[in-house]
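Below: the structure, in structure tokens.
We name chains A, B, ... by the order of the sequence lines, and we start the count at 1 in each one.
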Number of protein chains: 2
Amino acid sequence: MGGGFAQENGMAAIDQRTEELTQALRTAGVRITRQRKALLEVVAGAEDHPDAVELHRRAVEKMPGISLSTVYRTLTELEAQGVIQRLQFEGEAARFEHTETDHHDHMIDVETGEVVEFRSERIEALQAEIAAAMGYEIVRHRLELYVRRKPSGG
Amino acid sequence: MGGGFAQENGMAAIDQRTEELTQALRTAGVRITRQRKALLEVVAGAEDHPDAVELHRRAVEKMPGISLSTVYRTLTELEAQGVIQRLQFEGEAARFEHTETDHHDHMIDVETGEVVEFRSERIEALQAEIAAAMGYEIVRHRLELYVRRKPSGG
DNA sequence: AAGCCAGTTGCGAATGATTTGCAGGAAAGG
DNA sequence: CCTTTCCTGCAAATCATTCGCAACTGGCTT
């Protein structure tokens, strides 16, 4: 059902996530075309943080001929529905990730480009506190730590 | 010396900042042309967070004919020297600010576009702590709070 | 199974911000 | 004043992303 013979582990979760994305689009009243279906599977299965071009590359494998325009259009729609998130790191093209149940921030290894997710209740609370103290309420925020692997006594 | 008849208050500080920017370029071994001189004064005098086009608009008043290319080139050089900072907020063109002695983060009013600066030692400390716990050290970071003025019972 | 039709698609052209190639121009220092 | 090297303005090039448009197709309705 998940297509292919990838690791048995996790396939179900991906299928479920694909279903969630599909429902989000249906709810938004948009048609589930085969190009969208292909892209949804790709997005649901992405464990990394790919940009539009990379998602397109992967989608082409499932649905040859799908255009980059369609990928962008669908990603924009998915973002509008709140089921995926657009990440805009310094200088790079936007990357996308499916919205998990929990919010998190990102740590970007400046040497490898690798992205690590993390979450800190304390920081979240402090942010709200600071904004409140200045008479504001937070609509959304962005916290990115550009890091380097720490030399561990070499 | 500061040029013009703006508020007496602050003129000296701007002149000093202009001097700092000028020195930074000299140190970098680049020539102080009149277009650069004009731009440096504009940057030093900017109390807001203007983008390249706006800085160009202001620079043209002091040095008619200065091109946008030159503005971009010089801003890039100033950034490389670390005396100004490039801010990349969601969707917008890059904005610039002269590097003050202290580091700070930004709060962007999503309704007015206004930018407020703030700083929290506690958040800074927590970030370093989190990164360290995952084996990283922070190279730089970016924290932006997209906010809305809180309804204060009116 | 056919038909209908608004929503979609692929393509190429358009955007918008920023960068770059190049030929003429001008800082710095002799 | 001269020379050398760096700059500048301009136009064209990039790059990521969006749009216009004619052809196409989901997903109903019959």
Query raised in the report: Can you tell me if the side-chain N/O atoms of B/Arg36 get under 4.0 Å from OP1 or OP2 in D/dT8?
Result: yes
Report task. Tell whether B/Arg31 reaches the base of D/dC6 with its side chain through a donor-acceptor pair below 3.5 angstrom. Result -> yes
Query - Reported NE2-to-CD distance for the pair B/His106 and B/Glu144, which is rounded to 0.5 angstrom - result: 8.5 Å
Requested in this report: Take the angle between the ring planes of B/His141 and B/His103 and call it parallel below 30°, perpendicular above 60°, tilted in between.
Outcome: tilted
Query raised in the report: If you look at every strand shown and take non-hydrogen atoms under 4.0 Å, does B/Val53 touch a base, only sugar-phosphate, or nothing?
Result: nothing
Query raised in the report: Do B/Arg34 side-chain and C/dA26 base share a donor-acceptor contact under 3.5 Å?
Result: no
Report task. Verify the contact: side-chain N or O of A/Thr76 to OP1 or OP2 of D/dT17, cut-off strictly under 4.0 Å; return yes or no. Result -> no
Query raised in the report: Is any side-chain nitrogen or oxygen of A/Tyr72 closer than 4.0 Å to OP1 or OP2 of D/dT18?
Result: no
Report summary line: The answer to which of A/Thr74 and B/Ile32 contacts DNA chain C further toward the 5' end, by nearest nucleotide, is A/Thr74
Query raised in the report: Does D/dT18 have OP1 or OP2 sitting under 4.0 Å from an N or O in the side chain of A/Arg73?
Result: no
Query raised in the report: For B/Asp51 and A/Gly65, take the nucleotide of DNA chain C holding the closest heavy atom to each; which residue's nucleotide lies nearer the 5' end?
Result: A/Gly65
Report task. Could you tell me whether A/Glu121 and A/Arg119 make a salt bridge, using a distance below 4.0 angstrom between a side-chain N and a carboxylate O? Result -> yes
Query raised in the report: Yes or no on side chain to side chain donor-acceptor pair (under 3.5 Å) for A/His104 and A/Glu97, after CA distance, side-chain angles and deciding distance?
Result: CA-CA 11 Å; A/His104 58 251; A/Glu97 67 176 12; 3.1 Å; yes
Query raised in the report: What nucleic acid atoms does B/Thr33 come within less than 4.0 Å of, heavy atoms only: base, sugar-phosphate, or nothing?
Result: sugar-phosphate
